[in-house]
Amino acid sequence: MISYFTELNKLTASVNDALSKLGITTTSVYVGEPTEPAFGEITTNAAFVLAKTFKKPPYEIAKDFLNKIEYDKENLSAEIHPSGFINFRFTERFYLSFLNEILKNDGFGEIQVKEKKKIIIEHTSVNPNKALHVGHARNVVLGDTFYRLFKRLGHDVKVLNYIDDTGVQVADLIVGFKYLGYSLESDDKFDHYCGDVVYVNANKAIEENEELKKKRSEILKDLEEGGEIYNFAKPIIEKIVREQLKSAWNIGARYDILNWESHFIHGGYWKKMFEILKEKGLVKFIKEGKYKNCWVLLDKKILIRSDGTTVYTAKDLTYAAWKLGLIHDEFYYHVFSKQPDNTDVYTTTLSDGIKGLYTPADEAYILIDQRQLPLQNLIKETLRALSVSKEYKVIAYGLVALSKNTAEKIVKGKVEKEFVHMSGRSGIYYNLDDLMDAIKIAAINLINNRNPLLPDKEDTASKVAIAAIRYSLLRPDLEKQIVFDIDDALKLEGDTGPYIQYTYARASKILEKANQEFSKLEEINLSQEEKNLLLYMSKYDYYLLKAYSSMSVSILANYAHELAFRFNVFYEKKRVLDEKDTKLRTLRLALVYAYKLIISDLMNVLGLPTLKEL
RNA sequence: GGGCCCGUAGCUCAGCCAGGAUAGAGCGUCGGCCUGCGGAGCCGGAGGUCGCGGGUUCGAAUCCCGCCGGGCCCGCCA
């Protein structure tokens, strides 16, 4: 494959060669994208670095230095900017070679990292007592997109979803069903009903009633021990999980294995973990003072309470150890459900099903919001102390809050702050399913205005909604807090997911009408719009690998928009089907064809559905 | 008190890791472009003390230090 990335690598090597011949071994020389398109496609500041050693103006040095760089003159032309930068520009030959490669391979082909790894990624992991809200959606969409990226780069990837079925939030819900008389049937989607009605009200009742608090503690203990209440709760939790999965599938996610917290306790995994920690002296029993009768990890965090029950960190540490093979997998597995992509999601069981489905990963990724970072770092630290060489990688992202305007709609009253954090317990959240529905309605209205004869309006509107939601959650930098505003979310113009879908539809329509096959293209003069589009297309592997090395999917979302923009400019400025010159018409058609291949590849990595028409 | 993250146009955000050449998008706003390869688009205008102050450097939005503002964590919750 010939691409921006291959040429950049070759040139970087040449520049470094030339530098080492001069006896310079510095690493501070930049070879890469310039700040402005006017400065070419690849630039280097080598002359500035050399200026320090040779005490001559950068421009003079650049003139000599350029002669020492061996570069492919077929693909690159060089010029020296008066400032001293050496700028390289791709030749028409490069663009045509690239385009011909795409046509030959019918796409970009394989893009592989040097070392293929076995990776697992855990995401979603929402408490099974409520529906997914837009904050959870950020976790799902980021996790699913990292999964897609890893897979596109050739890794062996499995997706895990952890279900905390022995926690306080589940206990609250069970209090509602067992002691407050809530029905187990509802006309609403079951996860919505549990979260919006049963959990919120049960939580309120428990806070005001000591008797119920006691009941909750009993339930919590029974869940850990796997008693009668656990068996009562199990089908309820499972029903909620099935609804949560539907919401996640609806925005394009998929999973391989569901892990249940209760299985790690009932299956004896925590016991093994505890033995290992004791053996290595990482936990201490406290005899005196505030933490009397507790077990404490690394002098920092209580793992076992004085009443003998374990805290969440203990369970999560066990889970991490299982992921990386420190504790052996002895689960049985069976199919939990068929998924929309036709794969199966498996669940662990303690007694029934096939064995050996899971083998330990080289790298285990986990997606968490920033609040959980200190705890996950403690787990990392513990694994290191246990000499686990395999990598535990934490991807943390900023919280999703509700805008003042959106929060006011939910609480049906005045809100003082500019934004408010979501809270399942107090009923302040915006559910993902509701967001999907709201965008679908907006999309259908738009279709009725613009393209009333479109078949499958419902399906198209769903796909527009998926693209809109995923893109809006992927585009901001990981660390940034997102303030969700429903009115903004309903806008489908500008820098959005549908903008990218729209270019795919435009390309599809042209190709459908043209109905032409392509062979190898001959030499032809390219316009600036055509070169710009080809340049961005040629950067596909460069951006995928950059996103991977910097663990940033927002880089990819921004790149997708840049690429789509180049297509729209080309589309506005150059006619394709009406072009009288057949050579030029064929070139442009080939360009549209290649664009469609690359943008659909990228859209697949980002999980944005393609639409031939909208 | 200790720690983490953020601060760039009216609003939402890129750019910062690897310092360099006129700081870029989107929304909003003002003005253009459809008897059409579909306008969910394109072109142009207005709009910026890159939170503030020092330091390093020939050169700082970018690196270092200090401060200010916003958010979060520091529990026998998860």
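Here is how names work: the chains are called A, B, and so on, in the same order as the sequence lines, proteins then strands, and each is numbered from 1.
- Considering only the side chain of A:Leu373, B:C4 comes nearest among B:C5, B:C4, B:G71.
- Stacking annotation: A:Phe39 is stacked on the base of B:A21 (ring centroids less than 5.5 angstrom apart, interplanar angle below 30 degrees).
- Among the heavy atoms of the strands lying under 4.0 Å from A:Val576 is at least one base atom, whether or not backbone atoms are also near.
- Using a 4.0 Å heavy-atom criterion, one finds that A:Lys546 contacts no nucleic acid atom at all.
- Contact annotation for A:Arg450: base contact, defined as any heavy-atom pair under 4.0 Å involving a base atom.
- Nearest to the side-chain atoms of A:Cys294 among the listed nucleotides B:G7, B:C43, B:C76 stands B:C76.
- Using a 4.0 Å heavy-atom distance criterion, A:Lys574 is classed as a base contact.
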Which dot-bracket notation, 5' to 3', represents the base pairing of RNA chain B when pairs are defined as Watson-Crick or G-U with both distances under 3.5 Å, crossing pairs as [ ], and inter-strand pairs as |?
(((((((..((((......[...)))).(((((.......))))).....(((((..]....))))))))))))....
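- The side chain of A:Glu36 lies closest to B:U22, out of B:U22, B:C6, B:G39.
- Of the candidates B:A21, B:C72, B:C73, the closest approach to any side-chain atom of A:His421 belongs to B:C72.
- Remark: P of B:C73 and CD of A:Glu479 are 17 Å apart, rounded to the nearest angstrom.
- Nearest-nucleotide positions on RNA chain B for A:Phe570 and A:Ser554 put A:Ser554 closer to the 5' end.
- Counting non-hydrogen atoms under 4.0 angstrom, A:Asp487 reaches nothing in the nucleic acid.
- Side-chain atoms of A:Asn568 stay outside donor-acceptor range of the base of B:A40, with no qualifying N/O pair under 3.5 Å.
- Distance OH (A:Tyr291) to P (B:C77): 10 Å, rounded to an integer number of Å.
- In this structure, A:Glu613 atom CD and B:A40 atom P are separated by 13 Å, rounded to whole Å.
- For A:Thr496 against B:A40, a side-chain-to-base donor-acceptor contact under 3.5 Å is absent.
- Between the side-chain ring of A:Phe85 and the base of B:A21, a stacking contact exists by the 5.5 Å and 30° definition.
- Taking only side-chain atoms of A:His81, from C-beta outward, the nucleotide of B:G41, B:G75, B:A21 with the closest atom is B:A21.
- Among the nucleotides B:A40, B:C72, B:G70, the one closest to the side chain of A:Phe419 is B:G70.
- A:Gln528 places its CD atom 16 Å from the C1' atom of B:C43, with the value rounded to the nearest Å.
- Contact annotation: side chain of A:Asn451 to base of B:G38, donor-acceptor pair present below 3.5 Å.
- In this structure, A:Arg371 places its CZ atom 9 Å from P of B:C74, rounding to the nearest Å.
- Two residues, A:Leu492 and A:Gly289, neighbour RNA chain B, and the one matched to the more 5' nucleotide by heavy-atom proximity is A:Leu492.
- Counting only heavy atoms from C-beta on, A:Lys480 has its side chain closest to B:A14 among B:A14, B:A21, B:G38.
- Side chain of A:Glu579 to main chain of A:Asp581: a donor-acceptor pair is present (N/O by atom type, distance under 3.5 Å, no hydrogens or angles).
- Separation of the P atoms belonging to B:U62 and B:C52 is 10 Å when rounded to the nearest angstrom.
- Each of B:A14, B:G71, B:C5 was ranked by its minimum atom distance to the side chain of A:Asn558; first place goes to B:A14.
- Under 3.5 Å, the side chains of A:Gln516 and A:Arg585 contain a donor-acceptor pair of N or O atoms.
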Please report the C-alpha distance between A:Asn293 and A:Arg305 in whole Å, then the side-chain angles of each, then the deciding distance to 0.1 Å, and finally whether the side-chain hydrogen bond (donor to acceptor under 3.5 Å, both in side chains) criterion is met.
CA-CA 7 Å; A:Asn293 294 336; A:Arg305 302 182 185 103; over 6 Å; no
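- Within 4.0 Å of A:Leu375, counting heavy atoms only, lies at least one base atom of the nucleic acid.
- Under the salt bridge (Lys or Arg N to Asp or Glu O under 4.0 Å) rule, A:Glu613 has a single partner from A:Arg450, A:Lys509, A:Lys457, which is A:Lys509.
- Remark: the A:Thr166 side chain and the A:Glu261 side chain contain an N/O donor-acceptor pair separated by less than 3.5 Å.
- Side-chain polar atoms of A:Thr43 and A:Asn87 form a donor-acceptor pair below 3.5 angstrom.
- A salt bridge links A:Glu458 with A:Lys440: the distance from a Lys NZ or Arg NE/NH1/NH2 to an Asp or Glu carboxylate oxygen falls below 4.0 Å.
- Partner of A:Asp172 under the salt bridge (Lys or Arg N to Asp or Glu O under 4.0 Å) criterion, out of A:Lys213, A:Arg216, A:Arg425: A:Arg216 alone.
- Rounded to an integer number of Å, the gap from A:Glu493 CD to B:A25 C1' is 16 Å.
- Across all strands shown, A:Leu614 has heavy atoms under 4.0 Å from base atoms, whether or not it also approaches the sugar-phosphate.
- Among the atoms of the strands shown, base atoms are found under 4.0 Å from some heavy atom of A:Ile447.
- With A:Phe570 as the aromatic partner, A:Lys574 does not meet the cation-pi criteria of under 6.0 angstrom to the ring centre and within 45 degrees of the ring axis.
- In this entry the base of B:C13 is anti relative to its sugar, with a glycosidic angle more than 90° from 0.
- Nucleic acid contact class of A:Asn127 (heavy atoms, under 4.0 Å, all strands): sugar-phosphate only.
- Counting non-hydrogen atoms under 4.0 angstrom, A:Tyr571 reaches a base of the nucleic acid.
- The listed nucleotides are B:G38, B:A18, B:C76; the one nearest the side chain of A:Tyr30 is B:A18.
- Looking only at atom types and distance, the side chain of A:Lys573 has no donor-acceptor partner in the side chain of A:Gln528 under 3.5 Å away.
- Among the atoms of the strands shown, none is found under 4.0 Å from any heavy atom of A:Pro82.
- Distance from the side chain of A:Lys573 is smallest to B:C42 among B:C42, B:C13, B:A78.
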